[in-house]
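The next block holds one structure in the form of structure tokens; read it before the comments.
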Amino acid sequence: MPPTLASLVQHSALKLTVRAGADRLDTPVRWAHASELADPVPYMDGGELLLVTATNLPADDPEAMRRYVRRLTDAGVAGLGFAVGVAYDDIPEALTAAAEEAGMPLLEVPRPTPFIAITKAVSAAIAADQYRAVTAGFEAQRDLTKAAVAGDGPAVLLARLAAQVDGWAALYDTSGAVVAAAPDWAARRAARITPDVERLRDRPAPASVVVGDADDRVELQSLGAGRRARGALAVGTGSALGTAERYAVHSAVALLTLTTARSRSLQGAEQRLGAAVLRMLLSGQPDHARAVAGDLYGGLLDAPFRLLIAEAAAPSGTDPFAETLEAAAARCGEPLLTVPEGDRLVVLAADGGAVAAACHAYAAAQDVRPARDPGGEDGQTVVGLSAPAGPVTVSLAYKQAEQALTVARRRGRALVEHEEVAAGSVLPLLADDAVRAFADGLLRALREHDKKGRGDLVESLRAWLSRHGQWDAAAADLGVHRHTLRYRMRRVEEILGRSLDDPDVRMELWLALKATSASPPTTP
């Protein structure tokens with residue numbers, strides 16, 4: 001710790017005597033400075049031991065001394081050293097009384113002790129304190145480095161850091177979620193400042209901010225060296241960080257950046273490996289894919305997984321959707337295979353795992369936002385999700401994900417699962433401009449015929465098809481004789497030039513009727 005007035009009084013070579021303010025000798029001393037100015041305050045920085053001989057001071061004037069001492073106290077001067085045997089043989093009573101009244105420590109400096117000796121003692125004590133702090137800081141760096149190299153995860157490193165700063169520490173991922181905290185109770189405290197972490201995340205790294213108050217001070221540091229932070233570190237203490245604690249925090253930031261932000265070359269290598277594994281799975285070579293996957297992706301292929309295809313609103317390297325999935329995988333230790341394909345991202349993730357849950361949560365948040373153009377600059381990420389699959393059914397899962405993605409785009413949804421497509425109706429898929437154009441063209445001749453008042457062929461066709469060609473039932477629905485309905489159906493065949501005995505013709509006509517009668521889809 002820095003030198004105090006008490007440590008200077010206890011310095012045997014200085015022989016200082018306390019004449020006032022004995023209860024405030026624990027005050028730290030930042031420097032010792034001699035000045036004979038009547039008003040030295042403009043040249044003070046606070047925390048000094050001011051050394052005087054009172055050559056230019058009216059030290060016998062009580063009112064003058066009260067003003068003098070009060071100004072020193074207001075300026076943050078730590079104490080006053082008065083040299084006896086120079087201008088005065090003893091400290092004047094007026095100065096002693098003023099110091100006692102203001103609570104200003106007053107030290108008597110004997111004639112044999114030069115001011116320079118006091119200055120040297122303060123300087124040496126400050127240097128020794130700084131050396132101890134730097135040495136402790138280096139020890140903290142070594143301790144934290146050992147924890148990081150041990151490979152036991154960030155929790156051990158955070159525990160060491162919390163001990164070094166005598167407080168708590170927490171690590172956040174790119175989404176602002178708490179990854180680890182030490183001690184254990186700190187997780188709830190760390191979660192309460194998530195909004196501050198999210199604001200820090202939006203600033204270019206490196207960035208830092210202090211939140212809380214003097215008794216609950218929390219310093220946030222971003223992790224990463226690029227434009228976008230890869231996470232954040234929170235350090236909570238009861239007071240401002242000292243030199244040794246500052247060394248420890250800076251070391252932790254560097255180590256956590258290395259462990260949470262993989263190098264670009266490693267990311268590229270993993271992506272190339274993932275792309276090779278995906279190509280082998282799609283080409284029907286699951287055994288070769290498993291051999292290439294190794295420990296990195298092998299665990300993913302040993303259990304049911306989902307294949308999802310996402311059309312990202314931003315390039316895959318900076319897409320927050322991809323970062324959300326990676327953060328969820330990192331938190332839970334799940335394997336995750338991601339392969340960029342142009343403006344798409346293909347992902348293999350464990351069925352029912354944390355990544356799949358993060359995907360659904362992200363999509364749910366997107367669906368409640370105002371509708372945007374998916375292809376625009378501010379468009380949302382659109383995801384198609386396959387049914388649970390295994391290594392031998394990846395090709396089918398890829399097709400399922402593509403089909404679900406198509407439906408998601410048409411419906412204006414952020415995510416659609418294949419099970420939802422398979423279990424739902426095909427009718428919403430008819431709300432496509434190309435399908436509507438085909439339907440309008442197919443039925444145009446019949447509608448023009450009806451407009452001229454020569455029959456109700458369209459509604460008659462609808463009734464007949466809905467009754468599966470049963471003449472009596474369809475005629476009853478229309479309120480006409482069955483012979484009339486038979487005549488109308490022959491006219492339909494004549495006008496269209498197609499036979500209603502052909503099941504393909506009946507199917508196309510029924511879908512055309514459905515497509516033209518369906519209301520335009522609404523965007524949620």
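Atom set for the values below is all heavy atoms of this structure, side chains included, hydrogens, waters and symmetry mates excluded.
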| request: Step by step, work out the side chain to side chain contact (heavy atoms under 4.5 Å, CB included) result for Arg132 and Asp129. | output: CA-CA 5 Å; Arg132 285 192 297 270; Asp129 180 66; 3.6 Å; yes
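- Between Thr237 and Trp168, every side-chain heavy-atom pair lies at or beyond the 4.5 Å cut-off.
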| task | In sequence, state the C-alpha distance, the side-chain angles, and the governing distance for Glu459 and Arg488, and then conclude on salt bridge (Lys or Arg N to Asp or Glu O under 4.0 Å). | result | CA-CA 10 Å; Glu459 288 306 316; Arg488 291 180 179 177; over 6 Å; no
| Check against salt bridge (Lys or Arg N to Asp or Glu O under 4.0 Å), Arg490 and Glu493 | CA-CA 5 Å; Arg490 285 197 300 272; Glu493 290 179 321; over 6 Å; no
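- Considering only heavy atoms from C-beta on, Ser208 stays 4.5 Å or farther from Leu220 through its side chain.
- Side-chain contact between Leu281 and Gln285 is absent, with no heavy atoms from C-beta onward closer than 4.5 Å.
- Rounded to the nearest 0.5 angstrom, Tyr362 OH and Thr381 OG1 are separated by 4.5 Å.
- Note: Glu448 CD to Lys451 NZ = 6.5 Å, rounded to the nearest 0.5 Å.
- Residues Val383 and Val347 fail the side-chain proximity criterion, which asks for heavy atoms closer than 4.5 Å.
- Residues Ala363 and Leu415 share a closest heavy-atom pair of CB-CB, 3.5 Å.
- Take Ala275 and apply the side-chain contact (heavy atoms from CB on, under 4.5 Å) test, not counting sequence neighbours, and it matches Arg279, Val339.
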| Candidate pair Thr338 and Leu325, rule side chain to side chain contact (heavy atoms under 4.5 Å, CB included), full reasoning | CA-CA 9 Å; Thr338 60; Leu325 301 190; 5.7 Å; no
Side-chain donor-acceptor pairs under 3.5 Å in residues 297-307, sequence neighbours left out?
unit_1 : atom_1 : unit_2 : atom_2 : d
Tyr297 : OH     : Glu270 : O      : 3.2
Asp302 : OD1    : Arg290 : NH1    : 2.4
Arg306 : NE     : Asp351 : OD1    : 2.9
Arg306 : NH1    : Ser386 : O      : 2.8
Arg306 : NH1    : Glu417 : OE1    : 3.1
Arg306 : NH2    : Glu419 : OE2    : 3.4

| message | I'd like to know whether Arg447 forms a salt bridge (Lys or Arg N to Asp or Glu O under 4.0 Å) with Asp450, so could you lay out the CA-CA distance, the side-chain angles of the two residues, the decisive distance to 0.1 Å, and finally the verdict. | response | CA-CA 5 Å; Arg447 295 190 187 281; Asp450 291 346; over 6 Å; no
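- Residues satisfying the salt bridge (charged side-chain N to carboxylate O under 4.0 Å, His left out) criterion with Arg467, sequence neighbours excluded, are Asp477.
- Side-chain contact between Val249 and Leu241 is present, with at least one heavy-atom pair separated by less than 4.5 Å.
- Shortest non-hydrogen contact noted between Ala439 and Ala515 is CB-CB, 4.0 Å.
- Ala234 and Val218 get closest at one heavy-atom pair: CB-CG1, 4.1 Å.
- Remark: Glu139 engages Arg142 in a salt bridge, criterion side-chain N to carboxylate O under 4.0 Å.
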| Would Val346 and Leu278 count as a side chain to side chain contact (heavy atoms under 4.5 Å, CB included) if you check the C-alpha gap in whole Å, the side-chain angles of each, and the deciding distance to 0.1 Å? | CA-CA 9 Å; Val346 181; Leu278 181 61; 3.7 Å; yes
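- Looking only at side-chain heavy atoms (C-beta outward), Leu157 and Leu171 stay at 4.5 Å or farther from each other.
- Here the shortest heavy-atom pairing between Val178 and Ala187 reads CG2-O, 4.4 Å.
- Scanning all heavy atoms of the two residues, the minimum distance from Ser222 to Leu200 falls at N-CD2, 3.8 Å.
- Note that CD of Gln400 is 10.5 Å distant from CD1 of Ile309, once rounded to the nearest 0.5 Å.
- Between Val355 and Ala349, the shortest heavy-atom distance links the atoms CG1-CB, 3.6 Å.
- Here the straight-line distance linking atom CZ of Arg462 with atom CG of Leu457 works out to 12.5 Å at 0.5 Å rounding.
- Listed by first then second residue, pairs satisfying side chain to side chain donor-acceptor pair (under 3.5 Å) with a partner in residues 240-254 read Glu219-Arg246, not counting sequence neighbours.
- For the pair Thr135 (side chain) and Tyr131 (backbone), a donor-acceptor distance under 3.5 Å is present.
- Residues Tyr172 and Leu233 are not in side-chain contact: their nearest non-hydrogen atoms beyond the backbone lie 4.5 Å or more apart.
- Counting heavy atoms from C-beta outward, His449 and Ile495 have side chains that approach closer than 4.5 Å.
- Sorted by first and then second residue, the side chain to side chain donor-acceptor pair (under 3.5 Å) pairs with a member in residues 184-197 read Arg189-Asp216, Asp196-Arg199; sequence neighbours excluded.
- Residue Asp502 places its CG atom among more than 12 non-hydrogen atoms of other residues, nucleotides or ligands, all under 6.0 Å distant.
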Check residues 503-510 and write down every donor-acceptor pair under 3.5 Å in which the side-chain atom is one partner and the other belongs to a residue at least two apart or another chain.
unit_1 : atom_1 : unit_2 : atom_2 : d
Arg506 : NH1    : Leu500 : O      : 2.7
Arg506 : NH1    : Asp501 : O      : 3.2
Glu508 : OE1    : Arg498 : NH1    : 3.2
Glu508 : OE1    : Arg498 : NH2    : 3.0

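- Atoms NZ and CG, from Lys514 and Leu465 in turn, are 11.0 Å apart once rounded to the nearest 0.5 Å.
- Between Ser460 atom OG and Leu478 atom CG the span is 5.0 Å, to the nearest 0.5 Å.
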